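Chain identifiers are assigned alphabetically (A, B, ...) following the order of the sequence lines, protein sequences preceding nucleic acid strands; residue numbering begins at 1 within each chain. In this text the structure is predicted, and so the values were computed from the model without any measurement.
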There are 2 protein chains.
Amino acid sequence: MSIIITGASGYVGQELAAALLSTYPEITVTLTDVVTPTVPESAAQHASRARCLEADLTSPAVVDETFTAAQPFDTVYLLHGIMSSGSEANFELGMKVNLDATCNILDRLRTVTPGVRVVFTSSLAVYGPAPAGFVIDETNFPAIPASSYGSQKLIIETLLNDYSRRGFLDGRAVRLPTVTVRAGKPTQAASSFASDIIREPFHGRKAVLPVPKETEMWICSPATVVRNLLHAREVPKEAFGNGSRAVNLPGLLVSIQEMLDALEVVGGTERRALVEEKYDADIDRIVQTWTPNFNTARARQLGFVEDVSMMENIRQYASRFA
Amino acid sequence: MSIIITGASGYVGQELAAALLSTYPEITVTLTDVVTPTVPESAAQHASRARCLEADLTSPAVVDETFTAAQPFDTVYLLHGIMSSGSEANFELGMKVNLDATCNILDRLRTVTPGVRVVFTSSLAVYGPAPAGFVIDETNFPAIPASSYGSQKLIIETLLNDYSRRGFLDGRAVRLPTVTVRAGKPTQAASSFASDIIREPFHGRKAVLPVPKETEMWICSPATVVRNLLHAREVPKEAFGNGSRAVNLPGLLVSIQEMLDALEVVGGTERRALVEEKYDADIDRIVQTWTPNFNTARARQLGFVEDVSMMENIRQYASRFA
């Protein structure tokens with residue numbers, strides 16, 4: 001059995017690849033990205049079951065080569081993309097990578113491997129601002145994105161729903177909370193700071209907080225996100241019913257203040273002192289459009305798991321990376 | 001001042017062209033369609049201000065030729081499209097005409113005439129089935145289409161919102177109720193019967209009713225739709241606020257039984273007797289996914305007008321065409 005991940009060099013892509021290789025001894029995993037991905041260190045002992053492929057999926061010819069009937073995949077994880085700030089700063093690039101390339105892939109898949117399972121990492125950025133305190137679920141609030149990134153995610157969800165309804169593909173769109181604490185470097189996501197303010201101090205580096213401390217966010221630990229990405233593949237398609245294949249994944253409602261407090265408890269006052277407040281109106285404008293209140297009953301009903309506490313999340317980061 | 005209409009050979013396109021030419025003595029109107037449109041008979045005296053253009057807008061080269069900075073339009077009315085049953089029967093064609101061609105036009109417009117007003121006829125088919133009796137407005141229910149047609153409409157709305165938010169264009173997406181009573185021939189719309197059962201008897205022809213008489217629909221008379229399409233151009237962009245440019249247009253909630261009763265009152269029992277019930281599961285499946293209950297307070301607030309009664313609607317048809 002064979003699984004492919006696009007955007008596999010990214011943080012979530014690497015974590016997912018490691019989890020797939022470690023969890024399922026029988027599968028092979030193809031990692032693709034615009035530069036050749038590496039096999040995650042934590043899965044080095046499974047490297048013989050990993051294939052790493054340089055693939056610029058904005059090229060229709062490369063899409064055709066990558067997805068062929070001769071080498072069918074059991075599941076396609078679509079994780080590639082230009083992140084939120086990046087898509088806002090460079091509209092053309094975001095459209096090309098997030099929208100056009102993904103459309104080409106979906107269309108290729110329905111031709112060469114009809115019915116194939118497709119797990120798409122969408123985002124809660126499909127929602128624009130909600131009234132203060134309003135708790136969103138999949139049925140009570142329209143997805144009206146307030147960013148190009150969110151618009152592109154919503155469009156792919158809409159196509160994935162239609163393709164699934166018609167039986168072309170078996171799509172699952174999981175709307176990820178802000179993934180925190182990410183290992184690695186700061187990213188082009190507007191939410192990068194939510195990991196930076198925990199990760200950087202653990203490596204003795206300063207981090208910038210560009211939004212007010214009262215800001216509330218809807219976050220999820222990497223470990224929980226990866227567990228839920230594995231689960232997204234395993235949900236029987238009948239469980240989605242006739243409606244949308246999009247699910248708001250479980251997460252944790254935290255204020256930045258609570259994140260900083262948890263950092264201080266787990267990491268100490270010196271690490272906490274490395275976080276510097278430096279307001280950035282551009283980042284704040286985007287972050288303020290993200291609503292932090294979700295009822296994820298649908299996700300739980302479909303078998304997705306709840307996130308851990310903020311302190312446990314930080315402890316997990318520290319035990320692996322610090 | 002110059003206005004262009006795509007899909008101008010269609011019923012609504014012809015009515016709109018006539019209304020624009022008659023209402024605004026200073027404007028010229030370019031009518032485009034895949035076969036050269038004609039100037040509507042009712043606007044024959046304004047023919048010198050109308051330009052009729054054969055344009056297959058699925059060709060990017062034709063899009064480039066049609067929309068040039070050298071001949072800028074004040075407003076672009078995007079009315080072209082494969083209708084609901086057509087898009088369901090021929091997925092590729094619907095995607096090409098409803099999605100790809102429209103994407104190309106939007107992208108062309110933002111390059112050659114940035115900020116241009118774009119009025120897009122969307123549809124209430126962006127909504128899937130709602131719980132029985134639930135009254136939809138733009139804020140309380142997610143648009144999760146249950147057809148390829150609705151999916152394509154929602155995707156263009158999403159792009160139009162993002163383009164408008166970024167200042168690329170000044171978009172207005174008006175979600176039309178089922179336009180009834182249409183003159184002309186039966187169409188590929190799943191809702192064609194809603195006009196057929198009134199129009200055909202007025203011309204002495206039989207009409208088929210493919211859905212149960214208890215079916216409720218959300219309809220609007222052509223005259224009201226055209227008035228609201230003119231108005232869509234005139235709404236100041238500030239009135240939309242920072243949110244969506246999509247508006248659920250006013251309409252009328254009627255059951256098929258009420259439509260038949262009104263036909264009998266206005267047209268007599270002989271005409272009523274020309275409607276034959278002949279159930280069509282394919283049509284019914286699509287129609288049942290359209291919810292008929294809308295609160296259109298937002299449209300009224302933006303200055304769109306309410307529809308006339310079913311009897312008045314039928315009288316308007318009869319006085320013009322019968």
Side-chain angles (χ1 to χ4, degrees), chain A residues 87-89 91-92 94-96 98-100 103-104 106-107 110-111 125-131 134 136-168 173 240-246 248 285 288-289, chain B residues 87-89 91-92 94-96 98-100 103-104 106-107 110-111 125-131 134 136-168 173 240-246 248 285 288-289:
Chain A
S87 312
E88 205 58 24
F91 176 75
E92 286 79 5
M95 288 293 277
K96 204 170 139 183
N98 297 353
L99 193 54
D100 301 344
C103 288
N104 273 338
L106 296 184
D107 216 50
R110 81 174 175 101
T111 309
V126 297
Y127 294 110
F134 186 82
I136 293 178
D137 66 33
E138 288 86 348
T139 67
N140 67 0
F141 195 66
I144 301 175
S147 65
S148 294
Y149 177 76
S151 301
Q152 292 148 11
K153 290 292 189 190
L154 178 62
I155 291 172
I156 297 300
E157 280 189 4
T158 303
L159 288 175
L160 210 55
N161 280 339
D162 198 40
Y163 276 52
S164 299
R165 186 185 62 81
R166 296 186 79 120
F168 293 161
F240 290 98
N242 293 319
S244 170
R245 297 300 188 95
N248 298 338
R285 192 194 66 76
Q288 297 306 329
T289 64
Chain B
S87 311
E88 206 57 25
F91 177 75
E92 286 79 6
M95 289 292 279
K96 203 169 141 183
N98 298 353
L99 193 53
D100 301 344
C103 288
N104 273 338
L106 296 183
D107 214 52
R110 81 175 176 100
T111 310
V126 297
Y127 294 110
F134 186 84
I136 291 179
D137 66 33
E138 287 86 347
T139 68
N140 67 0
F141 195 67
I144 302 175
S147 66
S148 293
Y149 177 77
S151 300
Q152 292 148 13
K153 290 292 188 191
L154 178 62
I155 290 171
I156 297 301
E157 281 189 6
T158 303
L159 288 174
L160 210 56
N161 280 339
D162 198 42
Y163 277 52
S164 299
R165 185 184 62 81
R166 297 187 79 119
F168 293 160
F240 290 98
N242 292 321
S244 171
R245 297 301 188 92
N248 298 338
R285 193 194 65 78
Q288 297 305 332
T289 65

Problem - Spacing of OG1 belonging to A/T139 relative to CZ belonging to B/F141, to within rounding of 0.5 Å - result: 7.5 Å
Practice task
Test A/E92 against B/R110 for salt bridge (charged side-chain N to carboxylate O under 4.0 Å, His left out), laying out the working first.
Solution key: CA-CA 12 Å; A/E92 286 79 5; B/R110 81 175 176 100; 2.9 Å; yes
Practice task
Tell me, for A/L154 versus chain B, whether the close heavy atoms (under 4.5 Å) come from the side chain, the backbone, both or neither.
Solution key: side chain
Problem - Spatial distance of atom CE (A/M95) from atom CG (B/D162) [nearest 0.5 Å] - result: 7.5 Å
Exercise for the section: Answer with side chain, backbone, both or neither: which region of B/E88 has an atom nearer than 4.5 Å to a non-hydrogen atom of chain A? Expected result: both
Exercise for the section: With a 4.5 Å cut-off on heavy-atom pairs, point out which of A/S148, A/S244, A/S151 contacts chain B the most. Expected result: A/S148
Exercise for the section: Tell me, out of B/C103, B/A130, B/P131, B/A146, who's got the most heavy-atom pairs with chain A below 4.5 Å. Expected result: B/A146
Exercise for the section: Look up atom CD in B/Q152 and atom CD1 in A/I155, then write down how far apart they are to the nearest 0.5 Å. Expected result: 12.5 Å
Exercise for the section: Determine whether the side chains of B/S147 and A/R165 contain a donor N or O and an acceptor N or O closer than 3.5 Å. Expected result: no
Handout entry: Heavy-atom contact with chain A under 4.5 Å, split by part of B/F91
Key = both
Practice task
Side-chain contact test, heavy atoms from C-beta onward, threshold under 4.5 Å: evaluate it for B/L159 versus A/L99 and give yes or no.
Solution key: yes
